Amino acid sequence: MPQVRFMTLARHIIEGEKKHPEATGELSKLLSDLSLAAKVISLEVNKAGLVDILGFTGDNNVHGEKVKKLDMFAHDMITRAMDHGGHLCVMASEEEEDIIHIPSRYKVGKYVLLFDPLDGSSNIDANISIGTIFSIYRRITPDGKPGQLEDCLQQGLNQVAAGYIVYGSSTIFVYTAGEGVHGFTLDPSFGEFLLSHENIRIPKKSTIYSINEGNYLYWHPGLKKYIKYLQEEDAKTGRPYSTRYVGSMVADIHRNLLYGGIFMYPADHRHPNGKLRLMYECNPMSFIIEAAGGRSTNGKQRILEIQPKKLHEKTPIFIGSEEDVLKVEEFMAKEEVSNEIYLSSIT
Ligand code: AHG
Ligand code: MN
Ligand code: MN
């Protein structure tokens, strides 16, 4: 008979905080508020294909309200769930140019929230897994005042927690507060996230690589050689590797976290800084993967050590199973790079 354990996300977070006597419980409440937003977004994602059938016309729904694109819906839902909890001093979202202030009628707290409300949004209409990614920091400006841009522009190393939610064949909430990475699957019948993946560890070496190979022509020569190396036959090292690329970072990383794998979005001639955003995608994913025993770099520097200069800045990323990431770094370091593009993007 399977072991029956009802460990909800809320209880797990509280028990984690109890191990730290100095903790105030604020982080627990913040994460619980986020899980509520995740449930609402999950419901809406599951209805996505019904919009036309249920009589929504053009840009308006049956109430005459504008139908929001799902990524804007997710952005609004998170902002609205999080602005009045009293735990945050400022937020920033991939969908908004500037930082998001806490309305002055609400208490400001000591935490900072950065998020990608809907990752992989080009996959929505095809019923392919998408997700939400979040990152939490402690503020560095004085308590009691509105948060500032500098509270958001911290090195990834300073994160106190990070996580993601995948809306896939089921909805799963994965988070770390620095000590272990844990996954919770949403039971849709009673609306609770239940512990399903305790203390996830990413395999040290894998046989999976995830990259948009259509960009091959524009890659760093070391990366081209690395991918060819993965495609060679060698039973001892598990080659050839398999390619798996969903096109939703959150889904690709989730699979690689569980099965082992390396995910790459490199710099190339057309994307001199890669495509993915440091604050909303690369930092939180790097914090999670490192907490699970993996590695993450931009090719030259650990992602978590990058000092951000702009809210929406991008970075190349190589992330996943430790030995695989070390290998791509080795290949790239070996190649003479004559093209300025690569240098400017990864220094
Ligand atoms: P978003 O939907 O938040 O803009 O992110 C999309 C990102 C990421 O999820 C994915 O890994 C990447 O774009 C895919 O890019 P390509 O289509 O260039 O491969
Ligand atoms: Mn994204
Ligand atoms: Mn997005």
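Please read these numbers as outputs of a predicted model, since none were measured by experiment. One-based numbering, in listed order, for ligands and for the atoms of each.
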Fill in: N/O/S atom name from Glu281 that is nearest to the position of the Mn ion (ligand 2)
OE2
Worksheet item: In terms of hydrophobic clustering (I, L, V, M, F, W, Y; side-chain heavy atoms under 4.5 Å; direct or indirect links), are Tyr265 and Phe331 co-clustered?
Response: no
Worksheet item: Which atoms from ligand 1 have a heavy atom of Glu281 less than 4.0 Å away?
Response: 3 (O), 5 (O)
Fill in: Transitive ILVMFWY side-chain link Met285 to Phe115, under 4.5 Å
no
Fill in: Asn215, any N or O under 3.5 Å of ligand 1 N or O
no
Worksheet item: By atom name, which N, O or S atom of Asp119 is the nearest to the Mn ion (ligand 2)?
Response: OD1
Worksheet item: So is Leu118 close enough to ligand 1, meaning a heavy atom under 4.0 angstrom away?
Response: yes
Item to complete: To 10°, measure the O(Leu118)-the Mn ion (ligand 3)-OD1(Asp116) angle for me.
Response: 90°
Discussion item. Below a 4.0 angstrom heavy-atom separation, can you tell me which part of Asp116, side chain or backbone, both or neither, approaches ligand 1?
Written reply: side chain
Practice prompt. Return yes or no for this condition: an N or O of Leu276 is under 3.5 Å from an N or O of ligand 1.
Written response: no
Item to complete: Verify whether the ring centers belonging to Tyr111 and His87 lie closer than 6.0 Å.
Response: no
Item to complete: Give yes if a backbone or side-chain nitrogen or oxygen of Met249 is under 3.5 Å from a nitrogen or oxygen of ligand 1, and no if not.
Response: yes
Worksheet item: Is Tyr265 close to ligand 1, meaning an N/O of one under 3.5 Å from an N/O of the other?
Response: yes
Worksheet item: In Glu94, what N, O or S atom is nearest to the Mn ion (ligand 3), if we give its atom name?
Response: OE1
Discussion item. Apply side-chain hydrogen bond (donor to acceptor under 3.5 Å, both in side chains) to residues Arg302 and Ser286 and explain how you reach the verdict.
Written reply: CA-CA 9 Å; Arg302 187 179 170 203; Ser286 301; over 6 Å; no
Practice prompt. Name the option, out of Ile211, Asn212, Thr132, Ile133, that contains the heavy atom nearest to atom 16 (P) of ligand 1.
Written response: Asn212
Discussion item. When you group the ILVMFWY residues by side-chain heavy-atom contacts below 4.5 Å and let the links chain together, are Ile289 and Ile165 in the same group?
Written reply: no
